[in-house]
Each structure stands twice: as structure tokens, then as C-alpha cells.
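Data block below; observations after.
For clarity, every value in this text was computed on a predicted model and none was experimentally measured.
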Amino acid sequence: MSDLSYVTPARFSPLGLQARPAYIKAAAVLLGTLVLAIASQISVPMLPVPMTMQTLAVILIGALYGWRLGALTVLAWLVEAALGLPVLANGSSGLAPFMGPTAGYLASFPLVVALVGWLAERGWNGSRPALAFAAMLLGHALCLALGGLWLATLIGAEKAMLVGVVPFLLGSLVKSGLGAAILMALTRRKVDAEQV
């Protein structure tokens, strides 16, 4: 075996949750659902789908938690909503949001967090801000595509594109940039702390 045959995997997350005990991971899931619930209340009222900070929270959870723990966190948050906890946009909950105009976006969130987390684990993270931005932009694109497809079944393709995709494009770009900047800052802080 040569020295190059084994490469130590780079730590993709400044939180380092992958090496933590189960109770820390469980606490991270609960904290993640709380962050998602708070981010859901920060919204710009739009019809038929409000613009919220949910997607920023989802992509950051993916980038910080990784695809497995991130997906588990988002699924736990969706279960909280289905059980009646007011954790979705405008404090909504129950089964209605999973059947109405927002259903496609909600259904996309576990896939979005898994995609961003998977990419982060492969180097598209805070140590490479351009790739982190691209990963987050891909996550937003997946959310808009699936959300728009579901919305199209309810109101038609053209209207779904006009009210469920186009108004969110600029916000997706801004939130992807903000997410990459937050991730880069957290990564640098972690590196600086390790050097002290």
C-alpha cells in the first residue's frame, strides 16, 4: 500500500456531528426542527405560496448536518407539522398543507436537504464557497421544480410557473449566496479555533 492509497476524509461540517454520540445528534435534530419552525415564520405573504426562510434553513441543515442527519431533521419537522404543531409558514399545520399548493415544496425538502448534504460531504462546502453556493442553488432549483410541478397539477403549468417559480428565483439566488457565506464563516471560525 502506498501513502496515497488512503486519504483521510475532509471534515465537511464545522459542527462535526458525524462523530458525535447519538444524544448529541438527537439534540441537533430537535434544534434543527426548531430552526426550521422559526425560519418558517419569517415570510413575505404571496399567493398561492408564501416566500419564507424555510429553504435557507433547509439548505444550511443539509450543508451542516450531512445528508442522513439533515434528511432525518427535515422529516421530523414535517411529522411535527402533520401532527398539528404550528411549525410551517404562518403557523400552519395538520394535513392540509400536504395536499394544497405548498405540498410539492414541502415534499421536496427532504430531497433538497439530502442533495445539499450529499454534495457538502463531497467537498461542496464552506471550504469551497463557490461549490457551496452551487450546491445550495441546485437545492433551491430542485425545490422550485418539484413545487412548481405539483402546483401545475392544481392551477395549470403556465400559472404555476408565473406564481410558483418565477417570483422565487431572485430569493433563491440571494438565499443561496447567504447560505454559502454563513457556511464559509462557520468553517473559517472552526479552522481559526483549531489553530489557536
Side-chain angles (χ1 to χ4, degrees), residues 12-121 135-136 138-154 160 164-165 168 171-172 175-176 179 182-183:
F12 77 92
S13 171
L15 303 179
L17 290 172
Q18 293 63 42
R20 305 281 183 167
Y23 71 91
I24 297 290
K25 291 178 182 177
V29 168
L30 289 175
L31 179 62
T33 63
L34 178 63
V35 167
L36 280 162
I38 292 168
S40 298
Q41 305 318 309
I42 304 169
S43 68
V44 175
M46 294 171 59
L47 291 175
V49 179
M51 183 181 300
T52 69
M53 296 303 283
Q54 284 172 337
T55 53
L56 176 60
V58 167
I59 60 175
L60 280 173
I61 287 170
L64 292 170
Y65 285 23
W67 78 268
R68 289 176 188 89
L69 193 59
L72 180 63
T73 301
V74 170
L75 288 171
W77 170 68
L78 293 173
V79 167
E80 290 172 356
L83 291 175
L85 295 175
V87 296
L88 300 178
N90 303 319
S92 62
S93 63
L95 297 179
F98 296 95
M99 293 180 256
T102 61
Y105 303 96
L106 294 173
S108 78
F109 288 159
L111 300 174
V112 169
V113 76
L115 172 64
V116 174
W118 186 81
L119 290 170
E121 290 174 7
M136 293 178 177
L138 285 171
H140 276 106
L142 179 60
C143 177
L144 290 176
L146 295 178
L149 283 172
W150 171 257
L151 197 55
T153 66
L154 300 177
V165 175
F168 299 97
S172 295
K175 287 187 270 187
S176 295
I182 290 168
L183 193 57

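- When all heavy atoms of Leu60 and Gly179 are compared, the closest pair comes out as CD2-O, 3.6 Å.
- Closest approach of Thr102 and Pro97 over heavy atoms only: OG1-O, 3.0 Å.
- Contact between Leu144 and Val165 at its shortest, heavy atoms only, is O-CG2, 3.8 Å.
- Within the 4.5 Å cutoff, the side chain of Ser93 has no heavy atoms near those of the Leu85 side chain.
- Taking 4.5 Å as the limit, every side-chain heavy atom of Ser172 sits out of range of all side-chain heavy atoms of Thr55.
- By the 4.5 Å heavy-atom criterion applied to side chains, Leu115 and Leu142 are counted as neighbours.
- By the 4.5 Å heavy-atom criterion applied to side chains, Leu34 and Leu30 are not counted as neighbours.
- Taking CZ from Arg68 and NZ from Lys25, the interatomic distance works out to 9.5 Å, rounded to the nearest 0.5 Å.
- Checked by atom type and distance alone, the side chain of Gln41 pairs as donor or acceptor with a backbone atom of Leu88 at under 3.5 Å.
- Here the closest heavy-atom approach between residue Ile59 and residue His140 is recorded as CD1-CE1, 3.4 Å.
- The minimum heavy-atom distance linking Ala28 with Leu17 is given by the pair CB-CD1, 3.9 Å.
- In this structure, the side chain of Glu80 does not engage the main chain of Pro86 through any donor-acceptor pair within 3.5 Å.
- Taking CD of Gln54 as the start and CD1 of Ile61 as the end, the distance is 10.5 Å to the nearest 0.5 Å.
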Set out, in order, the CA-CA distance, both residues' side-chain angles and the distance that settles side chain to side chain contact (heavy atoms under 4.5 Å, CB included) for Leu106 and Trp77, then state yes or no. CA-CA 10 Å; Leu106 294 173; Trp77 170 68; 4.3 Å; yes

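- Residues Leu151 and Tyr105 form a side-chain contact, since some pair of their non-hydrogen atoms from C-beta on lies under 4.5 Å apart.
- The closest side-chain heavy-atom distance from Tyr65 to Val113 is not below 4.5 Å.
- Side-chain atoms of Trp67 never come within 3.5 Å of backbone atoms of Leu119 as a donor-acceptor pair (strictly under, hydrogens ignored).
- With rounding to the nearest 0.5 Å, the separation of OG1 in Thr52 from CD1 in Ile38 is 13.5 Å.
- A pairwise comparison of heavy atoms in Trp150 and Ala103 identifies NE1-CB, 3.4 Å as the closest pair.
- Side-chain N or O atoms of Ser108 include none that pairs as donor or acceptor with a backbone N or O of Gly147 at under 3.5 Å.
- One distance of note links CD1 of Ile24 with CG of Leu69; it measures 11.5 Å at 0.5 Å rounding.
- Atom CG of residue Leu31 and atom CG of residue Leu36 lie 10.0 Å apart, to the nearest 0.5 angstrom.
- Here the side chains of Leu183 and Met136 are in contact, with some heavy-atom distance below 4.5 Å.
- The backbone N or O of Val87 sits less than 3.5 Å from a side-chain atom of Ser40, completing a donor-acceptor pair.
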